[in-house]
Amino acid sequence: MFELLQTDTVTRARLGRLTTRHGVVDTPVFMPVGTQASVKALDPRELIEMGTQILLGNTYHLNIRPGLDILRAAGGLHRFMNWDRPILTDSGGFQVFSLAQIRKIKPHGVEFRSHLDGSPLFLGPKEAMAIQRELGSDIAMAFDECPPHDAPAREQKLAVERTIAWARECRAQPRAPGQLVFGIVQGGSNAALREECARAIVGLEFDGYAIGGVSVGEPEPEMLKAIDLTEPFLPARQARYAMGLGTPAQMLELVARGVDMFDCVLPTRVARNGTAYTRRGAIGIKGGAYKADFRPIEENCDCFACRHFTRAYLRHLLNVNEILGLRMLSVHNSHLFLKLMADARAHLAAGTFADFYRDFIAQYTPSRRILSARQKELER
């Protein structure tokens, strides 16, 4: 399943290979998010051309639309979306956090009101695993409770207890042929809870492990702390997945901390608002500064958008609401995230990762929000 090929001598970064039913995934890896069986604004040909190895889908959303009857009739998620490479499916545990206004947590799962029409539905360990079995994903995630980062200590502890109990149920459920199952570690930024949860989840012997409860609104220093508190308790010979993050710099920070797999909606989400990521930080292409800027989004980028269009043209498309504009920013951003992980793998293989990591972080300018959080941490 997972083969640890090499560990960096300076950082904790790892070069690995994860074998799944639909192919091999080289790590560290970024997984574009296809919540509803599609990566927004991108088609499979583009994703393959930019080096996508594995996609992510979402159990909660796919269960509602198109529904299991349609997916079953189609022959599973791969055939439905015409994607013959690996797919990881989230269990719906994140929706326990993001849809807090329309759900109630019970001992055996979560009662939801559909975000579409308010109809009742129940999602627990058995239900989540049954849906993922029907989807036929290569990697199914255990069902967990993801509390807010600022939840009181008692709520964090209860979430850890439920996550462990639900993981035990998930581990006992039947799977699709060849399907791997990853456990999820919760615990916020509490050292004792992170260790307790990690030891219990690892004790259940999953095929890989995820660090959950990060990138849920917490300041960056707290997110990094949660990773650092969890990673030492995860087996070295199995894949490690940080769920739902992050910016290019954050991903590289976590690669250096021993994380292998990432997913994030940012590449396509911010593209729809006119933001492009570069190796020096994010820029707002819709701004007046780019009205007559006939350079590509980023010099020396070989994505389709940078090879064919200028900042000025893309700014024009975005400001007149032409779909091509947001599509091309989505292409560029997704390409950057995927290429960054490919570069990390190449430097790990060459033994030069530490220099690559140091230089990238030194040149990357974070957002004002992240800089403010870092300053507050320094002043504590």
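Not measured: the values here are computed from a predicted model. If you read the sequence from its start, that first residue is 1, and numbering goes on from there.
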[X] side-chain N/O to [Y] backbone N/O, donor-acceptor pair under 3.5 Å:
X	Y	result
S114	L116	yes
D263	M31	no
R311	I297	yes

statement: For Y313, the ring-ring contact (aromatic ring centres under 6.0 Å, His included) test, sequence neighbours excluded, returns F309
- prompt: Do M141 and W83 belong together in a cluster built from hydrophobic side chains that touch within less than 4.5 Å?
  reply: no
message: List the residues meeting side chain to side chain contact (heavy atoms under 4.5 Å, CB included) with T7, not counting sequence neighbours, and say none if there are none.
response: L4, R14
- prompt: Residues two or more places apart in sequence or in another chain: which of them pass side chain to side chain contact (heavy atoms under 4.5 Å, CB included) with A249?
  reply: T247, F360, I361, Y364
Would you list the pairs meeting salt bridge (Lys or Arg N to Asp or Glu O under 4.0 Å) in which at least one residue belongs to [range], sequence neighbours left out?
range	value
residues 331-348	R279-D343, K339-D343
residues 166-191	R175-D207
residues 358-368	D355-R358
residues 43-54	D43-R45, R45-E49, E46-R327

- request: Go through the structure and list residues passing salt bridge (charged side-chain N to carboxylate O under 4.0 Å, His left out) with R12, not counting sequence neighbours.
  value: D228, E231
message: Holding to salt bridge (charged side-chain N to carboxylate O under 4.0 Å, His left out), I want the full list of residues that pass it with R72, two or more places apart in sequence or in another chain.
response: D69, E134
- request: Please collect all side chain to side chain donor-acceptor pair (under 3.5 Å) contacts where either partner lies in residues 92-110, sequence neighbours excluded, each pair once.
  value: N58-Q95
Donor + acceptor pair across side chains of D138, H78 (<3.5 Å): yes
task: Examine the side chains of T89 and Q132 and answer whether a donor and an acceptor come within less than 3.5 Å of each other.
output: yes
N/O donor-acceptor pairs under 3.5 Å from side chains in residues 147-159, not counting sequence neighbours:
{"from": "H149", "atom 1": "NE2", "to": "G217", "atom 2": "O", "distance (Å)": "3.4"}
{"from": "Q156", "atom 1": "NE2", "to": "P148", "atom 2": "O", "distance (Å)": "3.3"}

statement: Between Y60 and the options F143, F122, F112, the ring pair (Phe, Tyr, Trp, His ring centres under 6.0 Å) test singles out F112
- prompt: Which residue, K225, R369, Q250, forms the side-chain hydrogen bond (donor to acceptor under 3.5 Å, both in side chains) with E220?
  reply: Q250
message: Is it true that, when you exclude E299 itself, more than 12 heavy atoms of the residues, nucleotides or ligands shown sit nearer than 6.0 Å to its CD?
response: yes
message: Applying ring-ring contact (aromatic ring centres under 6.0 Å, His included) as the test, list every pair that has at least one member in residues 36-59; sequence neighbours left out.
response: none
